[in-house]
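Below is one structure; the comments refer to it alone.
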Amino acid sequence: MILRKSIYILVMCLNILACNESPYMQGKRLYTANCQNCHMEDGSGLAKLIPPLATSQKIGSATFACILKNGIRDTIRQDSSYLVREMPAFSHLSATEVANIINFVNHSWHTPFKEQTILDVENVLNSCK
Amino acid sequence: MKTFKSTIAFLTILTIISCKPEPTSLPYLGQTYLENGKEIHHKVGQFSHYNQDSVVMTNADFKNYIYVADFFFTSCPSICPRVAKEMLKIHDAIKGDTLVKLVSFSIDPKRDTPSKLKIYANNLGIDHHRWYFLTGDKDATLELANTYFVAALEDPDAPGGFDHSGKIVLIDKDGHVRSFSEGTDPETTPRLIEDIKKLSSQYSNVNKTAQ
C-alpha cells in the first residue's frame with residue numbers, strides 16, 4: 001500500500017517537473033533576447049505602458065507574425081485605456097525565428113494552443129500589410 | 001489550562017522579541033575621506049531639474065526625505081521597462097511611509113519633456129507626490145549619474161542611443177548613497193526594500209529620542 005502511494009507521488013512530482021519546461025526552448029531563448037525586456041519573463045508587461053501578453057487578443061491571431069516582424073506604429077489600445085508606446089519592429093528575425101517565438105508565446109499564454117509551422121508563418125509574413 | 005495558555009503566549013512573545021534583530025546601520029557607499037580629522041562620506045551631485053509637473057526640483061527638496069533613484073529614458077527599448085517594474089514594486093511596497101520618495105532621472109531630455117514624463121507616469125499609475133520624473137541638462141544628468149554610481153553615456157550604437165546601467169540607488173537625507181539594487185534583477189529588490197525600511201526607521205527613531 002505504501003509502495004503504491006509512493007509511486008503515485010513520484011509520478012505526480014515527475015508530471016509537475018515536466019510541465020515546467022516549455023517544449024519550445026528555442027522560442028523561449030528568442031523571447032528572452034528580443035521580447036522579455038518589455039513584456040517581462042512572465043508576459044505580464046508593465047502597467048499601462050506595455051501590454052501584457054497573457055490577456056492579449058493579438059497573440060493568438062493570424063496577424064501575430066506581422067506584429068512581431070513589423071511592430072506597431074499606431075498608439076496601442078487595450079480595452080478602454082491607451083498605451084503611448086509603439087512596438088518596435090523586429091525585422092531582423094527570420095520566419096523560422098518568428099515561428100519559434102509565436103509557438104513559445106502561444107503555448108505559454110494562449111488557449112487553445114495550435115502549433116504553427118514555418119510555412120504557416122512564411123505565408124502570413126508574405127501577406128502582411 | 002489557563003496557566004498553560006498564558007505560558008504559551010508568554011513564550012511566543014519572548015520568541016518574537018528575541019528574534020527581532022537589532023537594526024544595524026547601513027554602510028556609507030563610495031569613498032570616505034578625512035577633512036580636519038572628520039570623516040566625510042561620498043555625496044551625490046547637485047541637480048536642478050524639471051519634474052513631470054514642470055516644477056524645478058533640487059537636492060534641497062529632498063533634505064527631509066530619503067529616496068531611491070534610477071536613470072532611464074521613456075523611449076528606452078532595452079532594460080528600462082524592467083527597472084521601472086522594480087521601481088513600481090518599491091513604490092507599492094513603501095506606500096504608507098511618507099519619509100520615502102522615488103526619483104527617476106531622464107537621460108534623454110530632448111525627447112523626455114515634462115509633459116511626456118507626465119503621460120509616462122500616468123500610464124505607470126503612480127502617485128505624483130511620491131515619485132518624481134526629472135529632466136534637465138543632458139550632460140549635467142550624465143555626470144550626475146556617476147555620483148549615484150550609475151553608468152550612463154550617449155552611444156549611437158546602443159539601443160535607443162544611450163548606454164546605461166539599471167541600478168536603483170538609496171539616498172539618505174544628507175545625500176549619501178546607502179544601498180542599491182540591480183533593477184534588472186528582481187531578486188535584489190526585496191533586500192533594497194528592507195534597507196529602505198531600515199533607514200527610514202532609523203530616522204524615525206532619532207526623531208523619537210529627540211522629542
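Residue numbering restarts at 1 for every chain, and letters A, B, ... go by the order of the sequence lines.
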Do other residues, nucleotides or ligands put more than 12 heavy atoms under 6.0 Å from [X] [atom1]?
X	atom1	value
B/Lys43	NZ	no
B/Lys101	NZ	yes
A/His92	NE2	yes
B/Tyr65	OH	no
B/Tyr50	OH	no

Search all heavy atoms of A/Ile50 against all heavy atoms of B/Pro81 and return the closest pair with its distance.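 Heavy-atom minimum between the residues: CD1-CB, 3.5 Å.
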With a 4.5 Å cut-off on side-chain heavy atoms, are B/Leu88 and A/Leu46 touching?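 Answer yes - side chains close enough.
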Min side-chain heavy-atom separation B/Arg82-A/Cys38 under 4.5 Å: no
Could you give me the CA-CA distance, side-chain angles and deciding distance for A/Ser44 and B/Lys85, then say whether side-chain contact (heavy atoms from CB on, under 4.5 Å) is met? CA-CA 10 Å; A/Ser44 60; B/Lys85 189 143 198 165; 2.5 Å; yes
Nearest-0.5 Å distance that lies between atom CG in A/Leu49 and atom OG1 in B/Thr74: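 If we round to the nearest 0.5 Å, A/Leu49:CG and B/Thr74:OG1 are 9.0 Å apart.
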